[in-house]
Amino acid sequence: MKRKLIVIIAIILLILLGTCIYYFSNYDSKLVDINDIKTDPGYVHVTYNNVDDIVNEDILGILTIEKIGLKANVKEGSDNKTLKNYIGHIEETSLYDGNIGLAAHNRGNKYSYFARINELQKGDIITYQTKFYTRNYKVDNIQTIFETEWKLLENTEDNKITLITCIANKKNQRLCVQATEILEQDL
């Protein structure tokens, strides 16, 4: 009986040892490049990394917020179909100059691009690259608004970018993060 127990334990240990050797011999192939992560909040899939790639496509630009690990494509539209895979440009807002309104999911979706915009603070930098320019914006306004309150999306003389997303458990409210363009020397 004692001999059978020792043989069983030895077999179990050999299986565990074999599994560990296999796993660690393939460890490098299991490492994931941060740019390939598609479902973790804050790290998102980017189809285009170069603005030249978007000239002939329906992608308007690439939004980058280094503080929260966000780099994602912006596409026209704020409907559910668009927001399922992209950051959406709010149709009634400016495309390039003035106040650019962008919306995205923050949870419950494969691509929850704005999952971490609640971590942004005044002074943080947002970069938006289009086929016409790359602009840097500094966050200067963060507030909760009602879903019917669109004053912060009105056009402005200054170049601004306005990010809007839902707030958990507050069906009628939205988080609004607004930033104003800054010049390179002000970075």
Side-chain angles (χ1 to χ4, degrees), residues 31-79 81-143 152-153 155-156 158-167 174-187:
L31 293 178
V32 177
D33 185 314
I34 197 167
N35 293 318
D36 293 334
I37 298 173
K38 295 179 181 172
T39 56
D40 281 352
Y43 296 105
V44 293
H45 171 67
V46 175
T47 306
Y48 304 106
N49 288 312
N50 185 334
V51 74
D52 295 334
D53 294 336
I54 66 176
V55 172
N56 295 319
E57 297 292 333
D58 58 352
I59 302 300
L60 297 175
I62 301 168
L63 183 72
T64 305
I65 308 174
E66 288 185 21
K67 178 179 180 177
I68 60 172
L70 174 66
K71 185 173 185 181
N73 294 327
V74 175
K75 189 172 180 178
E76 182 64 35
S78 56
D79 57 280
K81 182 179 177 186
T82 302
L83 298 183
K84 182 176 180 181
N85 295 303
Y86 301 94
I87 294 174
H89 171 258
I90 299 170
E91 299 87 337
E92 297 80 19
T93 66
S94 174
L95 276 172
Y96 299 107
D97 294 321
N99 189 6
I100 300 167
L102 304 178
H105 291 299
N106 64 32
R107 68 190 185 292
N109 201 46
K110 183 176 180 181
Y111 299 112
S112 297
Y113 293 110
F114 285 176
R116 296 180 57 201
I117 69 166
N118 62 323
E119 297 174 27
L120 295 176
Q121 299 174 339
K122 288 184 179 181
D124 288 337
I125 303 300
I126 298 172
T127 302
Y128 187 49
Q129 182 180 20
T130 72
K131 60 186 170 185
F132 301 113
Y133 61 75
T134 297
R135 286 190 178 141
N136 293 300
Y137 301 84
K138 186 183 285 189
V139 174
D140 56 10
N141 184 17
I142 302 169
Q143 61 181 294
L152 291 174
L153 288 172
N155 205 15
T156 58
D158 295 336
N159 290 324
K160 291 184 177 285
I161 197 158
T162 304
L163 313 180
I164 295 188
T165 194
C166 296
I167 299 175
R174 304 290 181 263
L175 174 63
C176 180
V177 175
Q178 196 167 50
T180 303
E181 181 186 16
I182 56 172
L183 302 175
E184 282 294 317
Q185 67 262 19
D186 296 330
L187 283 175

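Quick note: numbers below take in every heavy atom, side chains included, and nothing from hydrogens, waters or symmetry partners.
In this structure, Ile126 and Ala179 approach most closely via the heavy-atom pair CD1-CB, 4.0 Å. Listed here is the closest heavy atom pair of Asn118 and Leu175: CA-CD2, 3.8 Å.
Under 3.5 Å, the side chains of Asn109 and Ser112 contain no donor-acceptor pair of N or O atoms. A side-chain donor from one of Ser78 and Glu91 sits under 3.5 Å from a side-chain acceptor of the other.
Put simply, the side chain of Asn141 does not reach to within 4.5 Å of the side chain of Lys160, judged on heavy atoms. At least one side-chain heavy atom of Glu76 sits under 4.5 Å from a side-chain heavy atom of Leu95. Val177 places none of its side-chain heavy atoms less than 4.5 Å from the side chain of Asp124. Counting heavy atoms from C-beta outward, Leu63 and Ile161 have side chains that approach closer than 4.5 Å. Under the 4.5 Å side-chain criterion, counting only non-hydrogen atoms from C-beta, Leu60 is in contact with Tyr96.
Checked options Leu153, Ile117, Leu102; the residue passing with Ile164 is Leu153 (criterion: side-chain contact (heavy atoms from CB on, under 4.5 Å)).
Considering only residues two or more places apart in sequence or on other chains, Lys84 meets the salt bridge (charged side-chain N to carboxylate O under 4.0 Å, His left out) condition with none of them.
In this structure a side-chain-to-backbone donor-acceptor pair under 3.5 Å is missing from Asp158 to Glu181.
Taken to the nearest 0.5 Å, the OG1 atom of Thr64 stands 7.0 Å off from the CD atom of Gln129. Here the straight-line distance linking atom CG of Asn99 with atom CD1 of Ile90 works out to 9.0 Å at 0.5 Å rounding. Atom CD1 in Ile142 sits 9.5 Å away from atom SG in Cys176 (nearest 0.5 Å). Separation of atoms CD1 (Ile65) and NZ (Lys71) is listed at 13.0 Å; rounding is to 0.5 Å. To the nearest 0.5 Å, atoms CD1 (Ile125) and OH (Tyr137) are separated by 12.0 Å. Note: Tyr113 OH to His105 NE2 = 10.5 Å, rounded to the nearest 0.5 Å.
No more than 12 heavy-atom neighbours from other residues, nucleotides or ligands sit within 6.0 angstrom of CD on Glu66.
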